[in-house]
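Working notes, structure below.
As the structure is a prediction and not an experimental result, all values here were calculated from the model.
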Amino acid sequence: DLKIPYAVGSGHAFWVPEEGDIPETSDEFGELQIGAHKLATMTVVSEELLEDSGFDIEDFLAKEFAYRIGCEEEEAFLDGDGRGKPLGLLRQLDRVVISENPGHISMDDVIDLQHAIPMPYRKNAVFLMSEDAGRELRKIRTVGNLNIWEGDMCRDMPVKLLGVPVIICDSLPGVESGSIPLLYGDFSHFLIGDRGHRSVRRLNELYARTDQVGFLSTQRVDGKLILPEAVQVLQMKGSASSGS
């Protein structure tokens, strides 16, 4: 495991007279361990396909493997259960902001979410939201009938919300009762440990008897949230029928 030190407490500054004694303070440090969970994907193709294909199939597989691994990593980094995979960011938070209404996001909810994290972490903060949450928020307009998004709407590229960059994440759920479709914070405090470089290996001998070739790609990763106070989530209020 990789051992990562982090500050869990800090001292204070003091007003002191000229040539006066400066009080000593002791910073407190903790230690996180980042493991290495293995993610892999493989496929087998025939030699005939390799010889007869009209495009670079190895390049295609490299991109396909990257997409597969990327999707699995994203899901695990957000909501992984920690069993053979990373423990997701959502499972490392100890508190949430609850929306005013079930199944609906308001701008008041977004503002409450922003103010749920301390000011120092807002400087580099971004919104991470589901496609459904982004679609709903884009429909909200100001009193002057202007869209709240800042960006190029013609290109379908909303850039900022309330002056904050927006990232759309397919792995987050829709705007429904009890779900978490929106996060806000400085995600640089979520450390991802990549072991080595992702590569694609060609397995020629293993499938030689059937005149096939295997292609294998692996990645060893883990992730830990060092400062939970740097990230906050919006959870949709439960419906009245659920008793939440």
Side-chain angles (χ1 to χ4, degrees), residues 1-2 4 34-91 124 126-135 138 149-161 164-174 181-183 186-225:
D1 290 346
L2 290 175
I4 309 296
I34 295 183
H37 302 286
K38 190 173 183 178
L39 186 60
T41 183
M42 187 178 75
T43 192
V44 178
V45 299
S46 67
E47 283 284 4
E48 288 83 1
L49 178 61
L50 290 174
E51 294 173 358
D52 299 340
S53 61
F55 67 101
D56 188 343
I57 194 168
E58 293 190 39
D59 180 66
F60 167 78
L61 288 175
K63 294 176 181 177
E64 171 65 17
F65 287 171
Y67 177 76
R68 295 178 190 178
I69 290 175
C71 289
E72 292 297 327
E73 284 183 342
E74 182 176 88
E75 292 182 5
F77 288 147
L78 281 171
D79 200 25
D81 59 12
R83 300 174 183 176
K85 64 179 69 174
L87 183 66
L89 183 152
L90 296 177
R91 297 174 184 260
N124 298 315
V126 300
F127 285 114
L128 184 68
M129 64 181 68
S130 67
E131 183 75 30
D132 192 28
R135 179 172 56 250
R138 289 180 66 177
W149 286 101
E150 299 174 23
D152 191 346
M153 296 293 290
C154 296
R155 293 186 181 180
D156 195 29
M157 292 175 57
V159 179
K160 293 182 178 180
L161 174 63
V164 178
V166 174
I167 299 174
I168 300 297
C169 176
D170 290 335
S171 297
L172 287 171
L182 178 60
L183 293 81
D186 184 349
F187 293 93
S188 67
H189 296 287
F190 181 76
L191 294 188
I192 295 175
D194 281 320
R195 305 300 178 87
H197 299 287
R198 185 184 307 164
S199 62
V200 178
R201 285 178 281 170
R202 180 167 176 156
L203 310 177
N204 290 315
E205 301 301 326
L206 184 60
Y207 302 98
R209 292 186 60 184
T210 55
D211 203 24
Q212 293 177 303
V213 177
F215 292 90
L216 170 69
S217 183
T218 60
Q219 181 81 44
R220 296 169 65 233
V221 298
D222 196 11
K224 290 289 177 63
L225 181 61

* Donor-acceptor contact below 3.5 Å, side chain Ser217 vs main chain Ser199 -> yes
* Asked: Looking only at heavy atoms, which two atoms of Gly174 and Pro181 are closest? And how far apart?
  -> O-CB, 3.8 Å
* Has Lys224 got more than 12 heavy atoms of other residues, nucleotides or ligands less than 6.0 Å from its NZ? -> yes
* To do: Check Ile168 against Glu131 and note the closest heavy-atom contact, atom names and distance.
  => CG2-OE1, 3.3 Å
* Asked: Quick one: OG1 on Thr43 to CG on Leu61, what's the gap to the nearest 0.5 Å?
  -> 6.5 Å
* Would you sort out whether Asp222 and His37 count as a side-chain contact (heavy atoms from CB on, under 4.5 Å), showing the intermediate values? => CA-CA 6 Å; Asp222 196 11; His37 302 286; 3.5 Å; yes
* **Neighbour count >12 (heavy atoms, 6.0 Å) for atom CZ, Arg202** => yes
* Structure fact -> All heavy atoms of Met129 vs all of Gly134, minimum pair found to be SD-CA, 3.5 Å
* Structure fact -> In this structure, CG of Leu89 is separated from CG of Leu225 (nearest 0.5 Å) by 5.0 Å
* To do: Report the C-alpha distance between Leu39 and Val221 in whole Å, list the side-chain angles of each, state the deciding distance to 0.1 Å, and finish with yes or no for side-chain contact (heavy atoms from CB on, under 4.5 Å).
  => CA-CA 8 Å; Leu39 186 60; Val221 298; 5.6 Å; no
* Asked: Between Val200 and Glu58, is a side-chain contact (heavy atoms from CB on, under 4.5 Å) present by the stated rule, with each step listed?
  -> CA-CA 9 Å; Val200 178; Glu58 293 190 39; over 6 Å; no
* Asked: Would you find a donor on one side and an acceptor on the other, under 3.5 Å apart, between the side chain of Arg220 and the backbone of Lys38?
  -> no
* **Stepwise side-chain contact (heavy atoms from CB on, under 4.5 Å) test for Val44 and Leu206** => CA-CA 10 Å; Val44 178; Leu206 184 60; over 6 Å; no
* Gap separating the OG atom of Ser188 from the CG atom of Asn124, nearest 0.5 angstrom -> 6.5 Å
* At what distance, to the nearest 0.5 angstrom, does CG of Asp81 lie from CZ of Arg91? -> 5.5 Å
* **Least distance between heavy atoms, Phe127 atom then Leu182 atom** => CD2-CD1, 4.0 Å
* Minimum heavy-atom distance Phe77-Gly223, with the two atoms named -> CE2-N, 4.1 Å
* Neighbour count >12 (heavy atoms, 6.0 Å) for atom CD, Glu48 -> yes
* To do: Look up atom CG in Asp56 and atom NZ in Lys63, then write down how far apart they are to the nearest 0.5 Å.
  => 8.5 Å
* Asked: Considering only heavy atoms from C-beta outward, does the side chain of Leu203 approach that of Met42 to under 4.5 Å?
  -> yes
* Structure fact -> Nearest heavy-atom contact between Phe55 and Phe60 is CE1-CB, 3.6 Å
* How many angstroms lie between atom CG of Leu50 and atom CZ of Phe215, to the nearest 0.5 angstrom? -> 5.0 Å
* To do: Indicate whether the side chain of Asp132 and that of Ser130 have a donor and an acceptor atom separated by less than 3.5 Å.
  => no
* Asked: Thinking salt bridges, do Arg68 and Glu72 make one under a 4.0 Å N-O criterion?
  -> no
* Asked: Do Ile69 and Thr41 have side chains that get closer than 4.5 Å, going by heavy atoms?
  -> yes
